[in-house]
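Structure first, commentary second.
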Amino acid sequence: LHHRLGDALTGWWRRRGTRSPGHTDGTFWALKDVSFSVGRGETLGIIGRNGAGKSTMLKLLSGISKPTRGGISVHGKLAALIEVGAGFHPDLTGRENVYLNGTILGLKRREIRAIFNQIVEFAEIGPFIDTPVKRYSSGMYVRLGFAIAVHIDPDVLLIDEVLSVGDMAFQQKCMQRIHELKQAGKTLIFISHNMSAVQRICDRALLLDQGQVVTMGEVDAVVHRYREQIVTKERERVAKQLATHERSPKGAQVHIESVRLLDGAGHATERIGLGEPLTVEVAYACRRRVETPTVRVGIERIDGLVCHVAWTRFDGTRVPPLEGPGVLRVRYSGLGLLPNTYRVTVEIGEQGNPVPLDARKHAAFFAIAAEPREGGAVHLDYAWTWTGDGAPARRGG
């Protein structure tokens, strides 16, 4: 819908001369043909790339927006934490906004009064509770908004990615509160780019792309599909960069020609087993002699967690002068990374120069192929012991 008649008329006139067979009317569907149900006490994770329609989904579920077609049915009291400061009046104080939000969510004044101190204590904004919220930082907004949402005892709680705004300690507190709500049998719909959090708290997951459901079901399978999607897009981006020569300026002194990953037998690979060796092979060409080169190889998980950095600048390795074409390698005797998808970044620099001579960000991808046996980022040898009847058991490498 257009806000003004003039917009509608000018839009119609622009489209009038451009319509052709198969041409759409210019309507953009943020969500299309999406249908799902979430049972009482279940936690559903909604994942997808930016622009997939996740936030639109929560706005529809929370009643902020109305669906153009179809319908939504929600049973029970619903609370939503969708965006920073949503529902807050900027000129009112934190105290006044607590009462305002509680009233909107159907609580009586005495009910709000009974949980007010718990909300303030959880949000950690006691000294500022009588300050207008327009003077709050984004972190204070989030803390107060989350505290209100989780203390009104909702039957259904909608949580968007806003939790990432809070500091680490508050994020941990929020995750603990989410687990408590799960144990209390509440229904949760959780949007996040943090796949570890999705796998940790969700019973099922739904993957959106361009407003449509790609797949829905068991969390690990849906997350795996999402990671494959991300890698495909990353490959396309890197290939486009290389094709248009955006990666390295013309006439650069050092040029990284290619980055390959090799398995224990020296064969090119993008899939290795847990604990198997991996070699990163970098082919380069130098237009001038680099007397004191440095090489940096970083491995990060697909969600951006940096897992390891090998950097000759700090590990004491002296790289011989680089001149002309050549190949350098770094070998990992056994990767202890847990099953996931990873990407490799390579930089060649020079001692005393903070700017790399050339870099290939996300130059290669690989997956650890193994059945998940534990959680976290890396595999470590460990053992269980206990006292009492029964023999000690050992588990791990």
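Predicted, not measured: the structure shown is a model, and the values here were computed from it.
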Side-chain ion pair, Glu218 and Arg204, N-O less than 4.0 Å: no
Contacts of type side-chain contact (heavy atoms from CB on, under 4.5 Å), residue Thr345, not counting sequence neighbours: Lys361, His362
Under 3.5 Å: donor-acceptor pair, side chain of Asp203, backbone of Glu42: no
Pairs meeting criterion side-chain hydrogen bond (donor to acceptor under 3.5 Å, both in side chains) with involvement of residues 114-136, two or more places apart: Asp91-Lys134, Arg95-Asp130, Glu124-Lys173
Remaining members of the apolar cluster that contains Trp29, side-chain heavy atoms under 4.5 Å: none
Sidechain N-carboxylate O distance under 4.0 Å for Lys77, Asp153: no
Short N-O contact, Arg235 and Glu270, less than 4.0 angstrom: yes
Geometric class of the Tyr332/His308 ring pair [parallel <30°, tilted 30-60°, perpendicular >60°]: perpendicular
Contacts of Glu228 that satisfy side-chain hydrogen bond (donor to acceptor under 3.5 Å, both in side chains) - sequence neighbours left out: His224
Criterion side chain to side chain contact (heavy atoms under 4.5 Å, CB included) on Val150 and Leu181, from CA distance to verdict: CA-CA 8 Å; Val150 298; Leu181 291 171; 4.0 Å; yes
Main-chain N/O of Tyr226 paired with Gln229 side-chain donor or acceptor, under 3.5 Å: no
Check: Arg287/Gln253 side-chain N/O donor and acceptor closer than 3.5 Å: no
Check: Val378 and Leu338 side chains under 4.5 Å, non-hydrogen atoms: no
ILVMFWY cluster membership beyond Leu100 - transitive side-chain contacts under 4.5 angstrom: Leu92, Ile104
Between Asp160 and Ser55: side-chain donor-acceptor atoms closer than 3.5 Å: yes
Note, Val297 side chain near Val330 side chain (heavy atom, < 4.5 Å): yes
Salt-bridge contact Arg271-Asp263 (side-chain N to carboxylate O under 4.0 Å): no
Set of residues satisfying side-chain hydrogen bond (donor to acceptor under 3.5 Å, both in side chains) with respect to Arg329, sequence neighbours excluded: Glu281
Side chain to side chain donor-acceptor pair (under 3.5 Å) between Ser192 and Asn194, worked out: CA-CA 5 Å; Ser192 179; Asn194 184 339; 5.2 Å; no
Set of residues satisfying side-chain hydrogen bond (donor to acceptor under 3.5 Å, both in side chains) with respect to Glu323, sequence neighbours excluded: Arg289
Non-neighbouring partners of Phe366 that pass ring pair (Phe, Tyr, Trp, His ring centres under 6.0 Å), sequence neighbours left out: Tyr342
Leu328 side chain near Val295 side chain, heavy-atom distance below 4.5 Å: yes
Backbone of Pro277 reached by a side-chain donor or acceptor of Ser333 within 3.5 Å: no
Non-neighbouring partners of Asp303 that pass salt bridge (Lys or Arg N to Asp or Glu O under 4.0 Å), sequence neighbours left out: Arg301
With Glu180 via salt bridge (Lys or Arg N to Asp or Glu O under 4.0 Å) - residues at least two apart: Arg177
Arg40 CZ: over 12 foreign heavy atoms closer than 6.0 Å: no
Minimum-distance pair of heavy atoms, taken over all atoms of Gly217 and Val222: N-CG2, 3.6 Å
Arg113: side-chain hydrogen bond (donor to acceptor under 3.5 Å, both in side chains) partners, not counting sequence neighbours: none
Proximity of Tyr284 and His255 rings by center, below 6.0 Å: no
Set of salt bridge (Lys or Arg N to Asp or Glu O under 4.0 Å) partners for Glu111, sequence neighbours left out: none
